[in-house]
Every structure is written in C-alpha cells, then in structure tokens.
Amino acid sequence: MKKKTKERIQLFFSITGVLAFCTVIGKMHDLDIDKITVGQAIVQFVIAFLYLLIAFAAYHAIGNTYDN
C-alpha cells in the first residue's frame with residue numbers, strides 16, 4: 001500500500017473516531033434534557049462506541065503494516 005494512501009486512511013479513521021466520540025457526548029446531553037429515552041441513549045451509545053473501537057483498531061492495523 002502506498003504511504004500516501006495509508007496516511008489518508010489513517011486520517012479518515014482518526015476523524016471518524018473523533019466524530020463517534022462527539023456523538024457519544026451529544027447523546028448523553030440529549031438524554032440529560034429529555035430529548036431521548038434511556039433505551040435509545042443506550043443503543044446509540046453502544047453503536048457509537050463500537051464504531052469508535054472499530055476505527056481505533058483499523059487505524060492501528062493499517063498503521064502497523066510494513067511496506068516492502
């Protein structure tokens with residue numbers, strides 16, 4: 001994989017990981033002001049947290065590949 005492509009993919013996962021984290025914070029704020037129910041908040045939190053883990057794992061998997 002080209003170095004430039006690898007860096008772009010890592011940047012994509014970095015940005016989307018941060019956005020997933022912001023989503024988690026935003027959902028907890030929505031719950032605080034009664035815009036959503038506890039069940040909805042839990043489901044949306046789990047989805048955002050899983051995506052955060054996937055983005056983190058993909059970032060490290062791509063970053064640890066060695067080019068010949």
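- Listed by chain and number, the residues in a side chain to side chain contact (heavy atoms under 4.5 Å, CB included) with I42 are V38, V46 (sequence neighbours excluded).
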I'd like a table of donor-acceptor pairs (distance under 3.5 Å, sequence neighbours excluded) in which one partner is a side-chain atom from residues 11-18, with atom names and distances.
unit_1 : atom_1 : unit_2 : atom_2 : d
S14    : OG     : Q10    : O      : 2.9
T16    : OG1    : F12    : O      : 2.9
T16    : OG1    : F13    : O      : 3.4
T16    : OG1    : Y51    : OH     : 3.1

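- Counting Ile, Leu, Val, Met, Phe, Trp and Tyr side chains that sit under 4.5 Å apart, directly or through other members, V43 shares a hydrophobic cluster with I47.
- Partners of Q40 according to the side chain to side chain contact (heavy atoms under 4.5 Å, CB included) rule, which considers only residues two or more places apart in sequence or in another chain, are I36, T37.
- Considering CD1 of I54 and CZ of F49, their distance stands at 11.5 Å, rounded to 0.5 Å.
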